[in-house]
Amino acid sequence: MKKLLATMLLLFTLMGYSQEKQIFESPKMAAIIATHKVVAILPFKATIAYKKLPKGYSEDSRIAEEHSMSTQMQSGLYTYLLRKLDDYTVQVQDVDKTNTLLKKAGLYDKLDETSAEEISKILGVDAVIKCSYVYEKTGSEGAALVKTLLIGFGTGKVATGGLTMQVNNGADGELVWRFYKQMAEDVLSSPSAMMERMMRKVGRNFPYEK
């Protein structure tokens, strides 16, 4: 009986952890987003951390992986929103155009140092979507696989991912909406699958939904 209670407690803890979500909405959000017609998704600020570095993994490898994840998630969010564009009140600028304009202006690697209104002006959009993603590898896949086989799917956590997404008004840079979601990655899933689940969560909470 004690073992059963312990297992149930573990499952409920993991379920609660994977569903952690926070949303902020400006009191003026409805009035502000009603004026928006085109928004741009900026490259993600991606951070990758390992509890124990993989063999042969260098700082250069981490930087390259973060850069790749930054553009992959930007493209992934763009593709997801495109599929549901009829459900939203705005158009989304092509991310290739967004990145080209940012590079021409010398801002691609300086987004943290540039105001949202300046970025919006350069991109010619009414608002910008800024996102950050923190991916942390926390456990051994071998140990997690054993736990999954003994207890069940969803208990062999090997990593966590935290997504922060916000919309800033282009005219004055004001924060209009902010979304945070954290999820656990099971040993039988993959980082890309976890990202897709996050995108679906974002889509269901996107402030431009009709």
Side-chain angles (χ1 to χ4, degrees), residues 21 23 33 36-50 60-114 116 118-137 159-170 175-186 189-210:
K21 179 174 66 177
I23 301 175
I33 66 173
H36 295 169
K37 296 181 179 179
V38 182
V39 301
I41 303 170
L42 302 183
F44 278 56
K45 180 179 180 180
T47 304
I48 299 174
Y50 287 86
D60 289 341
S61 299
R62 182 186 64 78
I63 293 174
E65 192 174 1
E66 287 179 345
H67 179 76
S68 176
M69 181 176 286
S70 170
T71 54
Q72 286 178 4
M73 294 197 71
Q74 178 194 26
S75 179
L77 178 57
Y78 175 60
T79 300
Y80 182 85
L81 293 180
L82 279 184
R83 296 202 307 260
K84 298 175 67 65
L85 204 56
D86 289 343
D87 297 331
Y88 302 130
T89 60
V90 292
Q91 296 294 310
V92 183
Q93 186 177 78
D94 185 281
V95 292
D96 289 334
K97 179 179 180 179
T98 296
N99 294 344
T100 297
L101 292 173
L102 290 173
K103 289 175 182 178
K104 283 185 176 180
L107 297 179
Y108 187 84
D109 296 317
K110 299 180 180 179
L111 296 178
D112 287 342
E113 307 168 21
T114 311
E118 183 178 351
I119 295 173
S120 298
K121 184 176 180 180
I122 289 170
L123 298 178
V125 296
D126 302 305
V128 291
I129 300 173
K130 302 174 68 176
C131 303
S132 63
Y133 184 74
V134 179
Y135 178 77
E136 183 177 9
K137 200 76 170 180
T160 59
L163 174 70
T164 301
M165 176 179 175
Q166 66 186 54
V167 175
N168 288 81
N169 188 33
L175 177 63
V176 177
W177 173 84
R178 191 176 190 271
F179 174 95
Y180 173 79
K181 177 69 179 177
Q182 188 176 60
M183 295 179 70
E185 177 195 344
D186 191 87
S189 68
S190 66
S192 59
M194 184 167 61
M195 292 177 201
E196 178 65 21
R197 293 200 304 273
M198 284 188 169
M199 296 306 184
R200 291 199 296 269
K201 297 291 184 181
V202 170
R204 288 199 289 270
N205 292 274
F206 201 52
Y208 294 105
E209 188 172 9
K210 292 179 180 177

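The model shown is predicted, which means the values in this text are computed figures rather than measured ones. Numbers here are sequence positions counted from 1.
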Would you call [X] and [Y] a side-chain contact if the rule is heavy atoms closer than 4.5 Å?
{"X": "Pro43", "Y": "Tyr108", "result": "yes"}
{"X": "Val167", "Y": "Val128", "result": "no"}
{"X": "Leu85", "Y": "Val92", "result": "yes"}
{"X": "Ile23", "Y": "Trp177", "result": "yes"}
{"X": "Leu81", "Y": "Ile41", "result": "yes"}
{"X": "Lys97", "Y": "Leu101", "result": "yes"}
{"X": "Leu77", "Y": "Phe44", "result": "yes"}

Gap separating the [atom1] atom of [X] from the [atom2] atom of [Y], nearest 0.5 angstrom:
{"X": "His67", "Y": "Gln72", "atom1": "NE2", "atom2": "CD", "result": "10.0 Å"}
{"X": "Met69", "Y": "Thr47", "atom1": "CE", "atom2": "OG1", "result": "9.5 Å"}
{"X": "His36", "Y": "Gln91", "atom1": "NE2", "atom2": "CD", "result": "14.5 Å"}
{"X": "Leu102", "Y": "Ile122", "atom1": "CG", "atom2": "CD1", "result": "7.5 Å"}
{"X": "Glu118", "Y": "Leu107", "atom1": "CD", "atom2": "CG", "result": "6.0 Å"}
{"X": "Lys84", "Y": "Thr79", "atom1": "NZ", "atom2": "OG1", "result": "14.0 Å"}

Please check this pair: side chain of [X] against backbone of [Y], looking for a donor-acceptor N/O pair closer than 3.5 Å.
{"X": "Thr114", "Y": "Lys110", "result": "yes"}
{"X": "Asp126", "Y": "Lys37", "result": "yes"}
{"X": "Ser70", "Y": "Glu66", "result": "no"}
{"X": "Lys210", "Y": "Asp86", "result": "yes"}
{"X": "Ser68", "Y": "Ala64", "result": "no"}

Next item on the list: Could you label the plane-to-plane angle of the Phe206 and Tyr88 rings as parallel, tilted or perpendicular, counting under 30° as parallel and over 60° as perpendicular?
Entry: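 Because their plane-to-plane angle is over 60°, the rings of Phe206 and Tyr88 count as perpendicular.
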Next item on the list: Using the side chain to side chain contact (heavy atoms under 4.5 Å, CB included) rule, pick out the option among Val39, Ile129, Leu123 that qualifies with Gln93.
Entry: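 That would be Leu123; it is the only one of Val39, Ile129, Leu123 passing the side chain to side chain contact (heavy atoms under 4.5 Å, CB included) with Gln93.
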Margin query: If you apply the rule side-chain contact (heavy atoms from CB on, under 4.5 Å), what do you find for Thr164 with Lys45, and how did you get there?
Written below: CA-CA 10 Å; Thr164 301; Lys45 180 179 180 180; over 6 Å; no
Notebook entry, point to check: If you take all heavy atoms of Leu111 and Leu42, which pair is closest and at what distance?
Noted result: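 Result for this residue pair: CD1-CB, 4.2 Å.
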Margin query: Which heavy atom of Met165 sits nearest to which heavy atom of Cys131, and what is that distance?
Written below: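 Minimum heavy-atom contact is CG-SG, 3.6 Å.
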Notebook entry, point to check: So with a 6.0 Å cut-off around CD of Gln166, is the heavy-atom count from everything else above 12?
Noted result: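 Correct, the count exceeds 12.
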Check: Passes side-chain contact (heavy atoms from CB on, under 4.5 Å), Ile33 versus Tyr208? Steps please.
Finding: CA-CA 7 Å; Ile33 66 173; Tyr208 294 105; 3.5 Å; yes
